[in-house]
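Residue numbers start at 1 and run along the sequence shown. Atom set for the values below is all heavy atoms of this structure, side chains included, hydrogens, waters and symmetry mates excluded.
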Amino acid sequence: MPGMRIEKILLKNFKCHNHFEMELKRLNILTGSNAAGKSSLVQSILLAFKSWENCEKKQVNTNKVFGVNLGIPISIVSEDLEEKDIEIGLFTDGIANRLVLGLPKDNEEIYFNIINYEEIVERKTHDCNLDKLRLFFLNAERQGPRIVSVIQDIVPFSVGNTGENTGYILSEMDKFQKLSGHFKLPKDLRIAAIDRFSANCEEWLNFVIPQTKLQYSVDIERNITTLKMQNQGEFHLPVATGFGITYVLPIIVQALAASVITNSILIIENPEAHLHPLSQSRLGKFLALVAANGVQIILETHSEHIVDGCRIQAARETMCSDAQVLFFEKKENTSMCNRIEIMDNGELEGWPEGFFDQKRQDLRELLEIRRCGS
């Protein structure tokens with residue numbers, strides 16, 4: 001159940017966030033218009049964890065941060081400020097884990113200098129620092145359907161930033177479960193008739209996309225994995241089942257794997273990609289349930305169905321006070337963030353202009369066309 005998490009984030013001079021400060025809860029849903037600051041917030045967290053890992057090198061490469069190319073440092077610094085240092089603060093147990101990054105002398109270089117590395121090294125000797133948290137990240141551009149997947153850059157319990165190691169993690173989690181008599185998913189996440197990890201992944205996949213079953217095989221000698229899916233009929237390779245199942249399976253596997261690790265954080269970009277609205281809503285319910293069972297979840301989404309599924313399940317789990325929607329919008333070239341609380345019954349406390357109101361506007365326009373034509 002709930003352990004350590006990121007309680008608050010502070011940004012200074014990071015991309016469109018000249019100064020940003022926000023409390024984070026167990027379930028955080030980032031939404032809003034394009035280029036309004038959602039991805040930048042996610043990237044700041046990724047960069048902070050990467051810098052924390054590399055602090056003794058006194059530099060951090062911006063070319064590959066959890067599989068994301070952030071560009072050269074000069075493009076990450078806010079454009080309209082004279083101050084060129086970036087500060088990221090991630091608070092745990094009320095204490096700031098601070099990161100200060102400075103530009104290299106050559107603007108074409110692909111690394112930041114970690115200015116406060118000595119402070120970070122000292123902070124690592126205390127409890128409740130970022131080293132005690134386990135971050136998992138799934139990129140919006142996940143691996144599409146493949147006949148086989150190459151096992152690469154293995155990180156324990158991680159399907160990879162694009163889901164490339166999903167089959168391998170299914171196999172490893174089943175093995176680990178068999179060897180460890182103490183390893184079990186949280187009770188609320190065990191929905192299969194048997195305890196086996198992959199069986200529960202299959203049942204949750206079936207919940208999100210009805211009538212779907214799963215098979216996997218691993219060839220360690222050739223360093224490849226093969227997944228097969230059944231959606232009414234025979235089992236087929238992913239190339240014959242489309243993108244929806246392929247894109248959502250890594251989310252389910254990663255979320256369940258994170259649920260057995262204390263102090264885990266899961267960030268997912270566009271979980272709704274290639275999914276039918278029913279599946280989007282059910283995926284939102286699943287992720288809210290994972291959050292209720294101890295994983296801090298940060299979602300970046302453009303789907304009202306994901307939001308609705310999350311708040312329905314949050315109400316069922318009586319965890320609405322530990323869930324929030326962060327609505328980002330651009331005003332006069334400045335990123336603005338509006339926190340929308342989720343009330344105990346799952347309703348949102350407010351609906352700011354531009355927050356999933358396009359359907360209402362389109363219906364109004366269609367009504368006006370009908371009136372004019374009659």
Side-chain angles (χ1 to χ4, degrees), residues 27 29 138 140 142-147 149 159 162-163 166-167 169-171 173-174 185-217 225-259 266 268-293 295 297 299 301-317 323 346 356 359:
L27 174 62
I29 306 167
L138 276 168
R142 295 186 282 283
Q143 180 172 283
R146 299 284 194 279
I147 294 176
S149 294
V159 301
T162 64
T166 299
I169 292 300
L170 279 167
S171 172
M173 294 297 285
D174 279 352
L185 289 167
K187 182 178 178 181
D188 291 344
L189 299 176
R190 298 200 304 267
I191 63 170
I194 55 178
D195 282 343
R196 190 172 69 241
F197 179 83
S198 61
N200 282 278
C201 289
E202 181 181 64
E203 283 302 315
W204 279 114
L205 179 63
N206 178 63
F207 170 75
V208 175
I209 303 179
Q211 302 184 48
T212 303
K213 294 186 179 298
L214 169 70
Q215 289 180 347
Y216 73 84
S217 63
T225 63
T226 302
L227 292 170
K228 288 187 176 182
M229 287 83 168
Q230 180 192 60
N231 188 253
Q232 299 183 347
E234 300 296 321
F235 280 89
H236 297 283
L237 292 168
V239 292
T241 59
F243 277 76
I245 298 174
T246 302
Y247 259 51
V248 78
L249 180 59
I251 297 176
I252 293 170
V253 175
Q254 187 61 87
L256 292 179
S259 73
L266 175 57
I268 309 171
E269 293 182 324
N270 300 119
E272 70 273 14
H274 303 291
L275 290 180
H276 182 275
L278 169 69
S279 295
Q280 294 180 30
S281 176
R282 290 187 172 188
L283 181 58
K285 292 174 183 177
F286 166 70
L287 291 171
L289 186 61
V290 172
N293 281 271
V295 180
I297 302 281
L299 305 176
T301 181
H302 291 282
S303 168
E304 59 186 305
H305 306 296
I306 290 284
V307 176
D308 291 345
C310 282
R311 58 196 183 99
I312 289 169
Q313 193 65 38
R316 287 175 176 167
E317 300 300 317
F356 293 119
K359 181 177 180 179

Where [X] and [Y] come nearest, the two heavy atoms and their spacing:
{"X": "V253", "Y": "F197", "result": "O-CZ, 3.7 Å"}
{"X": "L214", "Y": "L227", "result": "CD1-CD2, 4.0 Å"}
{"X": "N270", "Y": "R142", "result": "O-NH2, 3.2 Å"}
{"X": "G163", "Y": "P250", "result": "CA-CB, 3.8 Å"}
{"X": "A273", "Y": "Y247", "result": "CB-CD2, 3.7 Å"}
{"X": "I252", "Y": "W204", "result": "CG2-CB, 3.8 Å"}

Quiz item: Any idea how F243 and H274 line up, ring-wise: parallel (<30°), tilted (30 to 60°), or perpendicular (>60°)?
Solution: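 Tilted.
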Practice problem: Not counting sequence neighbours, list each pair that qualifies as a side chain to side chain donor-acceptor pair (under 3.5 Å) and has a residue in residues 191-201. | Solution: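 Checked against side chain to side chain donor-acceptor pair (under 3.5 Å) - neighbours excluded - the pairs reaching residues 191-201 are D174-S198, R196-S198.
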Self-check item: Contact list for residues 301-311, test side chain to side chain donor-acceptor pair (under 3.5 Å), sequence neighbours left out
Solution: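 Only E272-T301, Q280-S303, D308-R311 qualify under side chain to side chain donor-acceptor pair (under 3.5 Å).
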Taking [X] for the side chain and [Y] for the main chain, is one N or O donor matched with an acceptor at less than 3.5 Å?
{"X": "Q230", "Y": "G233", "value": "yes"}
{"X": "S281", "Y": "L278", "value": "no"}
{"X": "T226", "Y": "S217", "value": "no"}
{"X": "E203", "Y": "A192", "value": "no"}

Roughly how far, to the nearest 0.5 Å, is [atom2] of [Y] from [atom1] of [X]?
{"X": "I297", "Y": "L287", "atom1": "CD1", "atom2": "CG", "value": "5.5 Å"}
{"X": "S279", "Y": "F286", "atom1": "OG", "atom2": "CZ", "value": "13.0 Å"}
{"X": "L138", "Y": "T162", "atom1": "CG", "atom2": "OG1", "value": "8.5 Å"}
{"X": "I251", "Y": "L275", "atom1": "CD1", "atom2": "CG", "value": "7.0 Å"}
{"X": "L289", "Y": "F207", "atom1": "CG", "atom2": "CZ", "value": "9.0 Å"}
{"X": "Q215", "Y": "K213", "atom1": "CD", "atom2": "NZ", "value": "10.5 Å"}

Self-check item: L237, CG atom: more than 12 neighbouring heavy atoms under 6.0 Å
Solution: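 Yes.
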I want to check something: taking the side chain as every heavy atom from C-beta on, are [X] and [Y] in contact at a cut-off of under 4.5 Å?
{"X": "I306", "Y": "C310", "result": "yes"}
{"X": "Q254", "Y": "L266", "result": "yes"}
{"X": "R282", "Y": "P210", "result": "yes"}

Quiz item: Taking atom types as modelled and ignoring hydrogens, do the side chains of E317 and Q313 form a donor-acceptor contact shorter than 3.5 angstrom?
Solution: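 Looking only at side-chain atoms, Q313 and E317 do form a donor-acceptor pair, the distance falling under 3.5 Å.
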Quiz item: Can you tell me if N293 and S259 form a side-chain donor-acceptor pair at under 3.5 Å?
Solution: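 Short answer, no.
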Quiz item: What's the verdict on side chain to side chain contact (heavy atoms under 4.5 Å, CB included) for T241 and N231, showing C-alpha distance, side-chain angles and the deciding distance?
Solution: CA-CA 8 Å; T241 59; N231 188 253; 5.9 Å; no
Quiz prompt | For T166, the option from V159, T225, T246 that meets side chain to side chain contact (heavy atoms under 4.5 Å, CB included) | solution =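 Result for side chain to side chain contact (heavy atoms under 4.5 Å, CB included) with T166: V159.
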